[in-house]
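First the proteins, then the strands, lettered A, B, ... as listed; each starts at 1.
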Protein chains: 2
Amino acid sequence: MTLDSETKAVELPEDHADELRLWLRLLTCTTLIEGEIRGRLRERFDVTLPRFDLMAQLDKAPDGMTLSDVSKRMMVSNGNVTGLVERLVESGHLDRRTSDTDRRVQVIRLTKLGRAEFRKMAAEHETWIADIFGELTEKDVRELMRLLAKTKGSAQKAVQRRQD
Amino acid sequence: MTLDSETKAVELPEDHADELRLWLRLLTCTTLIEGEIRGRLRERFDVTLPRFDLMAQLDKAPDGMTLSDVSKRMMVSNGNVTGLVERLVESGHLDRRTSDTDRRVQVIRLTKLGRAEFRKMAAEHETWIADIFGELTEKDVRELMRLLAKTKGSAQKAVQRRQD
DNA sequence: CCTAAACATTTTAGACTTAAAACAATTGGA
DNA sequence: TCCAATTGTTTTAAGTCTAAAATGTTTAGG
């Protein structure tokens, strides 16, 4: 508290250094972990992270997904998905067909090969994550989940505000 | 606690679903915020996020940095920095010179123009971050900082272990 | 029915990114 | 001194990514 709390109401050049540091730390953590996962995926399975992520989305959707769905879920651009899918169809991991009811829509799903390979990778991937977060207690994990959920909500509202 | 705590010592297929969810949430938060910042930088200043990040590093180093320093700080590959710097020198934001004492080393620093433009962007950038994290209390911020520091430490050790 | 708007995807152009190889310069022993 | 590792940077090849424009399809309102 300052002595003159009246000034708090006025639009002063506020200090947001803490939030800035928080953002940088969040970014550092993610970049560090992402790089580690990327490296292990390449080393162990010769697969890229985006390919793995796309397959992870499809593994959760046995009936397939449209490209738009994938794009929204992965939070990447449409054009990006087009290219990724192209390469995964080429390598035999994905099956792609035009929807029967709407000829604009492409439905993609994992092939047998794709699913089998993904499951193998996913099992190991999970142990890597456990290793990486190994020093956190159960309570730490719960608390982080809670705070990140709050952060996500706060950020989504900021996005919303800008789009108005 | 399970009834038979003896089994804890054995190597059982453990469940790491919580850590996995935590990782996905961390990634979602970062991607969401990164996308928002990227969009605002483009819209408001017609600049890309990597360019902004590089300039931010240099703003903190009035005497300049070597390309390796930048690469380590930004946690990106050497080749990546080479290209980024090329474009920023081209646009007049960066000055690049070979070190007097070691002809392998390139020292880069912000030009007057670069520094002026960065300062303008940074001021607004800080308000965006404040907006995005706006719903977090001071305590939330402190707690997140602490938990992310712990996460970073844990991840770094995992990276270290793999490199042995 | 027609057609303007909305929607799903692809294309385009350019930038970013990585890993690995190549190149250049320095350094630390033998 | 010499030269084998090390270090700093660039190059290469391939992939990832975005924003915006273009293409093709569906849908609704008149």
Which residue pairs pass the ring-ring contact (aromatic ring centres under 6.0 Å, His included) test with at least one member in residues 35-60 of chain A, sequence neighbours excluded?
Phe52(A)-Phe118(A), Phe52(A)-His125(A)

Do Ser99(B) and Asp102(B) have a side chain donor and acceptor closer than 3.5 Å?
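There is no such pair (donor and acceptor under 3.5 Å, judged by atom type) between the side chains of Ser99(B) and Asp102(B).
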
Taking all non-hydrogen atoms of both residues into account, name the closest pair between Glu126(B) and Leu20(A) and its distance.
OE1-CD2, 4.0 Å

Of the non-hydrogen atoms in Asp95(A) and Thr111(A), which two are nearest, and what is the gap between them?
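Minimum heavy-atom separation between Asp95(A) and Thr111(A): N-CG2, 3.8 Å.
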
Salt bridge or not between Arg161(B) and Asp131(A)? Use side-chain N to carboxylate O under 4.0 Å.
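A salt bridge links Arg161(B) with Asp131(A).
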
Using a strict threshold of under 4.0 Å (side-chain N to carboxylate O), is an ion pair present between Arg162(B) and Glu43(A)?
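Answer for the salt bridge query: yes.
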
Can you tabulate the close N/O pairs, meaning under 3.5 Å, that link protein atoms to atoms of nucleotides 21-27 of chain C?
unit_1: dT26(C); atom_1: OP1; unit_2: Arg103(B); atom_2: N; d: 3.1

Across the strands shown, which category fits Thr82(B) at heavy-atom distances under 4.0 angstrom: base, sugar-phosphate, nothing?
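Base, at least one base atom sits under 4.0 Å.
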
Looking for any heavy atom pair under 4.0 Å, which part of the strands does Ser71(A) touch: base, sugar-phosphate only, or nothing?
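Nothing, no nucleic acid heavy atom in range.
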
In a table with atom names and distances, give each donor-acceptor pair under 3.5 Å that connects a side chain of residues 77-88 of chain A to protein atoms at least two apart or in another chain.
unit_1: Ser77(A); atom_1: OG; unit_2: Asn80(A); atom_2: N; d: 3.3
unit_1: Asn78(A); atom_1: OD1; unit_2: Ser71(A); atom_2: OG; d: 3.0
unit_1: Thr82(A); atom_1: OG1; unit_2: Asn78(A); atom_2: O; d: 3.4

With B for base contact, S for sugar-phosphate-only contact and - for none (protein heavy atoms under 4.0 Å), nucleotides 15-20 of chain C reads SSSBS-

In the hydrophobic cluster built from side-chain contacts under 4.5 Å, what are the other members alongside Val159(B)?
Leu32(A)

On DNA chain D, which is the earliest and which the latest nucleotide, 5' to 3', with an atom closer than 4.0 Å to a heavy atom of chain B?
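Extent of the interface on DNA chain D: dT7(D) to dA19(D).
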
Give a yes or no on whether the backbone of Leu67(B) and the side-chain of Gln106(B) come within a donor-acceptor separation of less than 3.5 Å.
no

Side chain of Asp59(B), backbone of Ala56(B): donor and acceptor closer than 3.5 Å?
no

